[in-house]
Amino acid sequence: MSDTQFGKGCHLHLIDGSAFIFRAYHALPPLTRKSDGLPIGAVSGFCNMLHKYVEANSGPDAPTHVAVIFDHSGKSFRNDLYDLYKANRPPAPEDLRPQFPLTRDATRAFNIACKEIEGFEADDIIATLAHQARDAGGRCTIISSDKDLMQLVGGGVEMLDAMKNKRIDSDGVVEKFGVGPDRVVDVQALAGDSVDNVPGAPGIGIKTAALLINEYGSLEALLDRAEEIKQPKRRQTLIEKRDQIELSKQLVQLDCNMDLDFTLDDLEVRDPEADVLLPFLADMELRTLSKRMADHMGAEAPVIAEAAPSAPSAEISAPVAVPFDAEKYECVRDAEALQGWIAQIRERGWVAVDTETTGLDEMVVDLVGISLCVTAGKACYIPLTHKVGNDDLFGGDGLAEGQMPLEEAVALLKPVLEDPAIIKIGQNMKYDAKILHRYGVQVAPIDDSMLMSYALHGGEHGHGMDALSERYLEHKPIPIKPLLGTGKSAITFDKVAIEDAVPYAAEDADITLRLWQQFKPKLHQRQVTTVYETLERPLVPVLAQMERNGIKVDRDTLSRMSNAFAQKMAGLEAEIHELAGQDFNVGSPKQLGEILFDKLELPGGKKGKTGAYATGADILEDLATEHALPALVLDWRQLSKLKSTYTDALQDHINAETGRVHTSYLQTGANTGRMASSDPNLQNIPIRTEEGRRIREAFVAEEGNVLLALDYSQIELRILAHMAGIDALKEAFAQGQDIHAMTASEMFDVPLAEMTPEIRRQAKAINFGVIYGISGFGLARNLRIPRKDAQGFIDRYFERFPGIRRYMDETVTFAKEHGYVETLFGRKIHTPDIASKGPRAGFAKRAAINAPIQGTAADVIRRAMIRMPDAIAHLPARMLLQVHDELLFEVPEAAVDETIATAKRVMETAATPAVQLDVKLVVDAGKGANWAEAH
DNA sequence: CCTGTCACG
DNA sequence: GACGTACGTGACAGGG
């Protein structure tokens with residue numbers, strides 16, 4: 001121990017440990033420890049940074065005291081002030097988490113004090129120590145570039161941006177914030193911070209905040225005299241959001257009076273000790289650095305063995321090319337063998353899982369077997385309920401020999417599948433998790449190779465396992481067809497002989513693991529980790545729950561409607577035949593075309609590429625002026641559609657056990673980030689016509705409950721206004737104007753008061769056209785006007801909103817340059833066709849223009865859905881469906897108002913804090929006993 | 001299995 | 001100057 005007290009002449013260095021870690025993590029490829037695959041990229045970078053720091057600070061201006069300060073995991077006292085503080089922070093990446101404790105070990109190995117305190121952030125400890133140093137008359141340098149620490153500068157305290165090697169003193173703070181260090185918190189309180197989710201004053205950034213603080217002297221003075229501000233919006237914000245601003249100040253104000261259980265004197269600089277540091281570096285297998293440090297300290301470099309032969313060879317980052325060999329897959333038939341696999345999984349920390357079932361409907365099918373894979377090429381299959389081949393001979397459905405009881409296998413695997421420290425990897429894990437859920441297992445945490453591929457390669461190709469395996473593993477998976485057969489003679493997987501099932505099933509797990517190994521590091525390299533971690537992975541359990549919830553559908557209502565439709569159709573059919581002068585199949589476009597254009601000789605018959613006449617709704621509508629028949633066919637078609645697709649087909653989807661309809665969401669369904677719904681598709685239930693809309697009356701709430709429908713109002717146009725930076729549109733949305741009327745007024749010079757529905761309709765079509773990548777032809781067809789008129793509208797539109805054209809041009813240019821476009825949340829949508837020639841190029845261009853808008857809207861509602869379960873956990877509400885810009889809930893009547901308020905808030909704030917839109921998001925809510933009423 | 005048609009956002 | 005065009009989906013029926 002030193003007997004000198006910290007005081008004048010002393011110089012304290014405080015290193016922001018978290019900043020070091022994240023910089024190291026992001027700057028380096030995801031290295032792993034050779035012997036066992038432990039991720040150590042961040043640790044390695046961290047150690048190098050400490051080493052560089054030590055070397056750089058041995059000169060005349062060397063510090064006398066030093067500490068590395070870390071954030072303690074978990075919540076801080078700021079979360080008690082504001083529960084959403086830092087709520088937007090994605091969880092640390094999987095491969096970084098195990099490295100956090102190692103960076104503490106590294107700090108101690110370098111013989112540097114290492115401090116963190118539960119309930120506080122590193123910044124508070126730094127603040128307290130900096131104040132202590134200053135008060136003792138010493139100097140303090142904070143090694144960080146975090147602007148939150150700038151409030152501490154002054155009186156001997158400075159910051160050092162180690163990256164740029166730039167010192168920041170009071171002048172530097174003024175440069176950054178426009179005010180001195182003593183007023184930094186005031187500016188931060190106003191400007192807020194999207195990274196930490198500090199709300200601040202909406203619409204006020206650092207520039208404006210500094211202006212105001214400099215004018216009024218302090219935040220308190222400003223808020224007290226807010227009435228004097230000239231700008232009406234600014235004045236209103238400051239008055240209305242006073243509480244929020246004061247809360248923000250509390251959040252950004254660092255605690256410089258913490259009680260610490262150590263003193264400055266404990267932080268005295270100590271030289272690293274070779275017998276501590278070198279073994280640590282050797283353990284991390286950092287050869288270069290341990291040699292360098294050994295030289296530096298005049299010690300002998302430790303010997304680091306090449307990959308220990310006994311250790312498992314799998315690594316996350318650099319999978320060795322192991323050939324696929326079905327012979328090597330193991331069939332697990334008893335508890336003892338399964339225990340062996342479980343031990344391997346525990347040792348490894350991750351496992352690829354695949355389930356085999358009797359069908360595809362997760363709500364109904366039974367588990368047949370489970371495959372596991374821990375290392376590329378090493379997988380097993382656990383058959384559980386395979387039946388004996390010729391069971392009908394004996395009249396029973398006896399289990400095949402050599403299978404362990406399903407309950408026993410599930411009981412053994414459950415602790416592993418639910419262990420928070422073990423990652424369960426799947427290809428479309430939602431499916432397997434839903435199956436296992438029915439056997440009492442809540443699988444978590446999960447990773448999903450399909451979702452990784454979606455984040456990485458969206459727009460490039462599909463994300464099914466077969467396609468991914470062929471493309472990325474150069475291996476064609478064993479097809480399932482020969483095992484199950486096709487058509488009427490097809491069998492279910494439980495009838496497949498176990499010896500045939502093993503290579504197929506185990507291989508799926510093997511492929512999944514290999515894909516995961518390949519994709520995981522790519523997420524980081526391609527900068528889509530945040531997309532995967534915040535928009536994909538956390539959505540899986542949410543969708544699974546929604547699908548399990550299902551929605552109640554009233555069979556009798558559908559059945560009655562179906563009969564009514566059938567009657568009407570029969571009547572129409574008779575009339576149609578009468579007019580045609582012969583019987584024919586109205587449902588056959590081919591026959592209809594021949595009747596219309598050959599027999600009746602109506603004009604405008606155009607044959608498509610197959611040689612058949614086109615008979616689409618637009619063509620029939622045009623013909624309706626010529627003849628009575630086409631209009632009847634249109635009516636017939638509408639009824640036919642409603643009957644076959646909805647009133648009939650929906651009944652077949654009512655689950656016998658729950659009496660509800662359970663759709664399945666395909667998270668990777670649309671390239672833009674939207675989802676698709678299938679079996680049945682509940683995202684295309686009719687609404688536009690009165691007759692179709694009545695289908696929604698069959699979607700009902702349980703007794704004592706109501707359905708709530710909450711939908712985003714004009715979300716895509718709002719996003720366009722933000723992305724293209726169109727002030728007129730932003731302003732219109734801010735004032736709650738009718739956006740289509742405003743567009744019409746702007747374009748056609750008609751005052752809003754004199755707006756006619758017709759003019760507004762045209763403007764509305766143009767607004768939608770813009771989102772789709774407008775063309776004269778498309779608009780003309782939609783509005784049924786001459787093409788040159790449509791082109792005139794478009795020209796006029798671009799004249800009035802030049803920013804839109806700029807946005808479109810820039811987006812296409814970006815797509816050509818990068819091969820993808822991006823949403824505001826960083827989702828990449830690849831546009832491989834953008835470089836092609838001919839009509840494909842036109843499609844690709846329009847898709848590229850549309851994708852960021854549609855995709856950003858899709859990302860927003862995903863964020864809302866991900867936050868929703870926690871937000872409504874205290875309510876008896878259930879989230880049932882998503883229809884692109886709408887969420888449907890079921891809730892007891894007593895909780896309706898609170899559910900609406902909560903869900904609305906979550907949806908309207910879903911973009912923040914990752915993205916601060918210039919346009920507010922507005923959600924409309926409706927309720928009712930059925931979906932028609934709720935809308 | 002492909003095409004045309006039509007339901008939704 | 002001709003060509004062919006609105007963006008994103010899924011289900012059903014007819015027809016080869």
Side-chain angles (χ1 to χ4, degrees), chain A residues 458-459 486 584-593 607-620 633-634 636-650 652-653 663-666 668-689 691-693 695-696 711-712 714-716 720 765-783 787 790-791 794 808 821 829 831 837-855 857-858 861 881-886 931 935:
Chain A
T486 54
F584 70 99
N585 185 348
V586 183
S588 163
K590 185 167 174 277
Q591 295 180 34
L592 176 66
K607 294 193 178 182
K609 38 194 158 192
T610 56
Y613 289 111
T615 66
D618 47 348
I619 290 169
L620 296 188
V633 174
L634 282 171
W636 184 91
R637 277 205 185 147
Q638 195 200 359
L639 293 172
S640 165
K641 179 81 177 181
L642 294 178
K643 183 172 186 296
S644 66
T645 309
Y646 300 105
T647 56
D648 289 349
L650 268 177
D652 301 335
H653 282 287
T663 185
S664 182
Y665 289 102
L666 185 59
T668 57
N671 288 336
T672 53
R674 273 198 186 175
M675 294 185 296
S677 152
S678 68
D679 310 294
N681 181 357
L682 294 185
Q683 291 182 322
N684 73 344
I685 303 301
I687 193 168
R688 291 172 187 171
T689 67
E691 212 140 30
R693 190 187 174 87
I695 307 271
R696 295 188 175 220
D711 68 291
Y712 284 104
Q714 309 281 14
I715 186 166
E716 292 189 356
L720 174 69
I766 296 166
N767 277 333
F768 276 101
V770 165
I771 292 171
Y772 298 151
I774 199 158
S775 79
F777 181 91
L779 183 64
R781 202 174 65 174
N782 192 286
L783 282 176
R787 187 175 155 179
Q791 192 55 54
I794 293 169
M808 294 173 118
V821 291
I829 297 131
T831 56
K837 292 264 173 256
R840 287 167 84 89
F843 277 116
K845 254 169 87 167
R846 290 189 297 272
I849 290 165
N850 173 258
I853 304 168
Q854 185 180 119
I861 196 165
L881 301 179
Q882 188 249 41
V883 192
H884 308 308
D885 65 353
E886 169 188 357
W931 198 0
H935 217 279

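Note: hydrogens, waters and symmetry copies are ignored here, and every other heavy atom, side chains too, is used. Throughout, protein chains are lettered first and strands after them, A, B, ... in sequence-line order, and every chain is numbered starting at 1.
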Counting any heavy atom closer than 4.0 Å, what does Ala614(A) reach on the DNA or RNA strands: base, sugar-phosphate only, or nothing?
sugar-phosphate
Could you tell me the separation between the CZ atom of Arg637(A) and the C1' atom of dG14(C), rounded to a whole number of Å?
12 Å
Taking NE2 from His653(A) and C1' from dC12(C), how many angstroms apart are they, rounded to a whole number?
11 Å
Check: Val821(A) and Thr672(A) side chains under 4.5 Å, non-hydrogen atoms
no
Pairwise P distance, dA6(C) and dT5(B) [rounded to whole Å]:
14 Å
Using whole Å, what does the distance between atom C1' of nucleotide dC12(C) and atom NZ of Lys590(A) come to?
19 Å
Have a look at Ser640(A) and say if it touches a base, only the backbone sugar-phosphate, or nothing, with a 4.0 Å heavy-atom cut-off.
nothing
Is a donor on one side and an acceptor on the other found under 3.5 Å between the side chain of Tyr712(A) and the backbone of Ile861(A)?
no
For Trp931(A) and Val883(A), which heavy atoms make the closest approach, and how far apart are they?
CZ2-CG2, 4.0 Å
By the salt bridge (charged side-chain N to carboxylate O under 4.0 Å, His left out) test, which pairs, at least two apart or in different chains, include something from residues 771-783 of chain A?
none
Summary of salt bridge (charged side-chain N to carboxylate O under 4.0 Å, His left out) pairs that have at least one residue in residues 668-686 of chain A, sequence neighbours excluded
Arg674(A)-Glu716(A)
Reckon Ser588(A) has a side-chain N or O less than 4.0 Å from the OP1 or OP2 of dG15(C)?
yes
Which heavy-atom pair separates Ser677(A) from Thr663(A) by the least distance, and what is that distance?
OG-OG1, 2.8 Å
Value in whole Å for how far the P atom of dG4(C) lies from CD of Gln791(A):
19 Å
Is there a side-chain contact between Tyr646(A) and Asn684(A), using heavy atoms and a 4.5 Å cut-off?
yes
Please classify the nucleic acid contact of Asn782(A) as base, sugar-phosphate, or nothing, using heavy-atom distances under 4.0 Å.
base
Roughly, in whole Å, what's the span from CD1 in Ile861(A) to P in dT9(C)?
17 Å
May I ask you to list the residues of residues 670-686 of chain A, by number, that have any heavy atom positioned under 4.0 Å from an atom of DNA chain B?
Arg674(A), Gln683(A), Asn684(A), Ile685(A), Pro686(A)
Is Ala790(A) touching bases, backbone alone, or none of the nucleic acid, heavy atoms closer than 4.0 Å?
nothing
Heavy atoms of Tyr665(A) and Gln683(A) approach each other most closely as CE2-NE2, 3.9 Å
For Arg781(A) and dA6(C), is the shortest distance between a side-chain N/O and OP1 or OP2 below 4.0 Å?
yes
OP1 or OP2 of dA6(C) less than 4.0 angstrom from a side-chain nitrogen or oxygen of Arg846(A), does that happen here?
no
Specify the separation, in whole Å, of atom CD of Gln638(A) and atom C1' of dC12(C).
16 Å
Tell me, please, the opening and closing nucleotides of DNA chain B, 5' to 3', among those with an atom under 4.0 angstrom from a non-hydrogen atom of chain A.
dT3(B) to dG9(B)
Atom-pair distance (CZ on Arg840(A); C1' on dT5(C)), nearest Å
14 Å
So Ala649(A), base contact, sugar-phosphate only, or nothing? Heavy-atom distance under 4.0 Å.
sugar-phosphate
Measure from CD1 on Ile766(A) to P on dC7(C) and round the result to the nearest Å.
17 Å
Under 4.0 Å, counting only non-hydrogen atoms across every strand here, what does Gly769(A) touch: a base, just sugar-phosphate, or nothing?
base
Do Leu666(A) and Ser678(A) come close enough that some side-chain heavy atom pair is under 4.5 Å?
no
Short question: side chain of Ser644(A), backbone of Ser640(A) - any donor-acceptor pair under 3.5 Å?
yes
Suppose we call a contact any N or O donor and acceptor under 3.5 Å apart; does that hold for the side chain of Arg787(A) and the base of dT5(C)?
yes
Closer than 4.0 Å, any side-chain N/O of Gln854(A) to the OP1 or OP2 of dT9(C)?
no
If we check side-chain contact (heavy atoms from CB on, under 4.5 Å) with Arg637(A), which of these qualifies: Leu642(A), Thr615(A), Val586(A)?
Thr615(A)
Of all heavy-atom pairs between Gly776(A) and Ala790(A), which one has the smallest distance, and what is that distance?
O-CB, 3.5 Å
For DNA chain C, what string of dots and brackets results from 5' to 3' when Watson-Crick and G-U pairs need both distances under 3.5 Å, crossing pairs get [ ], and pairs with another strand get |?
......|||||||||.
Say whether, by atom type as modelled, one donor and one acceptor occur between the side chain of Asn850(A) and the main chain of Ile771(A) under 3.5 angstrom.
yes
Looking for any heavy atom pair under 4.0 Å, which part of the strands does Ala857(A) touch: base, sugar-phosphate only, or nothing?
nothing
Determine the contact category for Phe768(A): base if any of its heavy atoms lies under 4.0 Å from a base atom, sugar-phosphate if only primed atoms, P, OP1 or OP2 are that close, otherwise nothing.
nothing
With a non-hydrogen cut-off below 4.0 angstrom, is Gln591(A) in contact with a base, only sugar-phosphate, or nothing?
sugar-phosphate
Could you tell me how far dC6(B) sits from dC3(C) if I compare only their P atoms? Round to whole Å.
27 Å
Output every pair passing salt bridge (charged side-chain N to carboxylate O under 4.0 Å, His left out) with a member in residues 842-851 of chain A, not counting sequence neighbours, ordered by first then second residue.
none
Classify the nucleic acid contact of Gly587(A) as base, sugar-phosphate or nothing, counting any heavy atom under 4.0 Å across all strands shown.
sugar-phosphate
